[in-house]
Amino acid sequence: MASPDGVADEKSAPAKGEEDFETLKYQLLGPSLLKAGQDAVDQQKVSEIIYNASKGSKFFDHEQERDRNLTVKIERILKEKARLEKLDLSHDLRRADEYLAELELSRDLSQYIVHVDCDAFFAAVEELDRPELKTVPMAVGGGVLSTCNYLARKFGVRSGMAGFVAKKLCPELVLLPQNYEKYTAKAKETRAIMAQYDPLFESASIDEAYLNITAFCAENQLDPEEAVQRMRAEILENTKVSVSAGIAANAKIAKIASNKNKPNGQFRVPNDRTAIMEFMRDLPVRKVNGVGRVFERELDSIGIKTCGDIYPQRALLARLFGEKAFQFLAQCYLGLGRTKIEPVENHERKSVSTETTFHEIGDKEELRKKLRWAAEELEQDLARTQFKGRTVCLKVKLHTFEVLTRQTAPPRAVSQAKDLYAFALPMLIKLEKEIPGMKLRLLGLRVSNLVSTKKVGVNFFGVAAPPKPTPVQPSDQSEALDVNTEHDIGAEEAFENAARQEVQDEMNDLEQLSQEAAGLSVTPAPGSTAADVTEHQPVQWECPICGRPQAPDDRAFNDHVDFCLSKQTIREVVQDSSQEMSAILPSRKRKTSAQQSHTDVDPRQKRLFFS
DNA sequence: GCGGATCAC
DNA sequence: TATGGTGATCCGC
C-alpha cells in the first residue's frame, strides 16, 4: 500500500505500513492458551508457526479484519474513558459501591460446590482402547481438534486448533477421528459415580459436572477435600479416566479451581471471604468463565488484568461495557457465583439447530441441496428433542468467513423438513439477491421460540400432567399456560386441575394446528397425536390467516390474529420469489389432491420429497 | 424482534 | 491441503 503523501508521511507515522501483528498473533493462538500443559511451551515460537501456517488464507484475512475492528473498538473505549474521567463520576462510584454492598449481603458461604473436569477426556478414552497412544503426541478431531493428550500439548497443540496447523507444530502428531458414542458411554460411567456424591449433580458438558456435596459431607462426616479425593479415586479406579476437581463456595470459583492442579489433581478455595478475595485479587480475568479473548483485550486496555484490578475501575465499567458486564465484573471481583446446582434436565431449551461446513459453493442448485439437507437434519433433531419452533433462522458463512443470519416467524410452529425449507429458502434467495455471486462455506438452520410436542400424559382422573419445561412466550399464549410453572398444592387442586386441562387443550390445539403450519402441510408428523386431540366446542371463529379456530374462552385469540397478520409478510416474501416457491408452497385455500393424499404416504417416503 | 458478536465446550 | 458444531446471551438498533 503506497503512502499518498510520500516521505514526510512515513516519518510522521512510522507505524504505518508495519502493522502491529502482536494482537493478531495472540488471537490466532486460539482460545485455550491458558489451559494446562502449556507451561513448558515456547509460545513465541508456536505463535510464529501458527502465524506462518495461516498467513495468506481467507481465514487469516478474516481474523485480521476482526482484529482491526477490535482495535478500533478499543480506541473508542479509551476515548470514552478519557471523556468520562473529566466528568464528575461520584454518582457512578456511589452506585457501584451500593451494588457491591448489595452483592456482599447475598454472599453464601454455606455450600461446598465441586467442579469436576475430565482430563483430556476424548484423548484419554482413546488411550484406554489403544494404550500405545499414551507415549505419542495424539489428538482427537478432524479439521479442528477437539482435544489432545498432554504429550501433544508440549508442542503447542491445543483444542480448537486446525488439524493442519497442529501437524505443522508437531509433524508426528497422531490424529484420531471422533467417536462420540464411545465418549458418551464413558461419561455415563463417571456420572454414575458422581451421582453417589450428589444425586442432583449438574452435567455442564460431556466431560464436566458441578456437584453440591454439602449434604454428602455432613452425612458422612467428611471434609470436602477428603470427599473429593475419594470421588476422584473412585472414578479413576472404576472408569480408568482421571479427573480434576475444584472445590469452593460457588460454581464460578470451583470451575477456576479445577484448572489449578490439572491433570489428576484438585484444589480448594476455602469458604472464607478473605481467602476468596485473595484468590480473586491476583486471578487473571481471562480465567473466569465468560471472559474470552475479546473481553480480555478490552479490559486490558483500561488496565484490568486481574479480578483485583476491577475495583479501582468500578465507577466506569457500567458506562464503558454496559450494565450486565458491570454486574458480572462486580461478582468476579467479590468472588461470587451461583450456589444452586441442578440437573440439566431442569434447564429449558431455547433453540435447536444444525449447521455444516463444506467446500465453497456458489451454485444455486447446490446451495438448495444443502438447505434441504439441513432441513432434514433439523427435522430429525426436532423429532428427537420433541419440539417445534415458531422462529426459523438461516445461518450462512460466506467464503470470506463472514457470518450472516436471517430469521423469520412462520404463522405456526414448524418442525417438518419441508416447512423448514419452505421458510428458509426465501431468506436464502434474498441473500443471493443482496450478495451477487454469493459463495458459502457453511449453511445452517435453527429454530427457536420452541413449543414442546411432548405427549401430555393423562392420569387416573383424566387430568393432564403438563410436560416438564414450558417453553412458551407469555406474550402470545393464553395466561393459562403459566400454571405450568406452579406446583401442586392441595387446597387449590381443583382450580389447578381445571387450569391444567386448559393447558392440555392448548397443547393439543397447537399440536393439531401446527400440522398445517403456514398452510404448507397437511401431513401429520409420524406418531402424531392428531388422532387423540381433545374434542373442542363448536368452532365460532377462525384466524383469517392460518385458520386457527377460536377455542372456548380463548382470551388469546385476538392477540393471535394480530400476531398472524403481522407475520403475513413472510407470504409476501415467498410470493416474491414465486417461481421457485410455487412448487412447494401452494395456497392453503386450495389444497391440491396431491397434498391430501400425502396424508396417507408412509412417513419414511417423506424423504423422497427432496430427492 | 432482528442481526451481529462473543463465549463455552 | 486449506480453520467445527451446538447452544446461550448480550448489545445496538
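Letters A, B, ... mirror the listed sequences (proteins, then strands); counts begin at 1. Treat the numbers as computed from the prediction; the structure is a model and nothing was measured.
Residue contacts for Glu208(A): at a heavy-atom cut-off of 4.0 Å it reaches the sugar-phosphate backbone alone, with no base atom in range. Contact annotation for Arg446(A): no contact, since no heavy-atom pair falls under 4.0 Å across all strands. In this structure, Arg441(A) reaches the sugar-phosphate backbone alone: every heavy-atom distance under 4.0 Å involves primed, P, OP1 or OP2 atoms, never a base.
Screening Glu202(A), Glu208(A), Gln266(A) against His115(A) for a side-chain hydrogen bond (donor to acceptor under 3.5 Å, both in side chains) leaves a single residue, Glu208(A).
Side chains of Gln313(A) and Tyr333(A): a donor-acceptor N/O pair is absent below 3.5 angstrom, by distance only. No side-chain donor from either of Gln178(A) and Tyr183(A) sits under 3.5 Å from a side-chain acceptor of the other.
Listed candidates were dT3(C), dG7(C), dT6(C). Nearest to the side chain of Ser351(A) is dG7(C). If you check dC7(B), dT3(C), dC9(B) against the side chain of Phe401(A), the one that comes closest is dT3(C). The side chain of Phe59(A) lies closest to dT3(C), out of dG3(B), dG4(C), dT3(C). Of the candidate nucleotides dG5(C), dC9(B), dC11(C), dC11(C) has the atom nearest to the side chain of Lys324(A). Of the candidate nucleotides dG4(C), dT6(C), dT6(B), dT6(C) has the atom nearest to the side chain of Glu355(A). The side chain of Lys350(A) sits closest to dT9(C) out of dT9(C), dT6(C), dG3(B). Side chain of Lys397(A), nearest nucleotide from dA2(C), dG5(C), dG4(C): dG4(C). Comparing dC9(B), dT6(C), dG4(C) against the side chain of Lys395(A) picks out dT6(C) as the nearest. Set against dA8(B), dC2(B), dC7(B), the side chain of Gln407(A) has dC2(B) as its closest nucleotide.
Atom C1' of dG4(C) sits at a distance of 15 Å from the matching atom of dC7(B), rounded to the whole Å.
The separation between Asp67(A) atom CG and dT3(C) atom P is 20 Å, rounded to whole Å. Taking atom CG of Leu442(A) as the reference point, atom C1' of dT3(C) lies 12 Å away to the nearest angstrom. The nearest whole Å value for the distance from the CD1 atom in Ile256(A) to the C1' atom in dC9(B) is 16 Å. As a whole-Å value, the separation of Leu173(A) CG from dT3(C) P is 17 Å. Computed from coordinates, the Lys168(A) NZ to dT3(C) P distance equals 12 Å when rounded to whole Å. Between the C1' atom of dT3(C) and the CD1 atom of Ile50(A) lies a distance of 11 Å, rounded to the nearest Å. Rounded to whole Å, the distance from CZ on Arg319(A) to P on dG12(C) is 14 Å. Between the NZ atom of Lys252(A) and the C1' atom of dA8(B) there is a distance of 15 Å, rounded to whole Å.
Applying the 3.5 Å distance criterion, the base of dT3(C) shares a donor-acceptor pair with the side chain of Ser54(A).
Between Phe164(A) and Ser353(A), the residue whose closest nucleotide on DNA chain C is further toward the 5' end is Phe164(A). Mapping Leu404(A) and Phe295(A) onto DNA chain B by nearest heavy atom places Leu404(A) closer to the 5' end of the strand. Toward the 5′ end of DNA chain C lies the nearest nucleotide of Lys58(A), the other residue of the pair Lys58(A) and Val352(A) mapping further downstream. The 5' end of DNA chain B is approached more closely, in terms of each residue's nearest nucleotide, by Thr391(A) than by the other of Thr391(A) and Val288(A).
Proximity of Ser159(A) to the phosphate of dC9(B): no side-chain N or O atom is located under 4.0 Å from OP1 or OP2. At the phosphate of dC9(B), OP1 or OP2 sits under 4.0 Å from a side-chain N or O atom of Asn289(A). For Thr405(A) and dG3(B), the shortest distance from a side-chain N or O to OP1 or OP2 is not below 4.0 Å.
Taking the six-membered ring where tryptophan is involved, the planes of Tyr51(A) and Phe60(A) are perpendicular, since the angle between them exceeds 60° and thus also 30°.
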### Message
Under the criterion side chain to side chain contact (heavy atoms under 4.5 Å, CB included), I'd like the reasoning laid out for Val46(A) against Phe155(A): C-alpha separation, chi angles, the key distance, then a yes or no.
### Response
CA-CA 8 Å; Val46(A) 169; Phe155(A) 293 84; over 6 Å; no

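When ring centroids are compared, Phe328(A) and Phe321(A) stay outside the 6.0 Å threshold.
Counting all heavy atoms, side chain and backbone alike, Arg232(A) lies closest to Val243(A) at NE-O, 3.0 Å.
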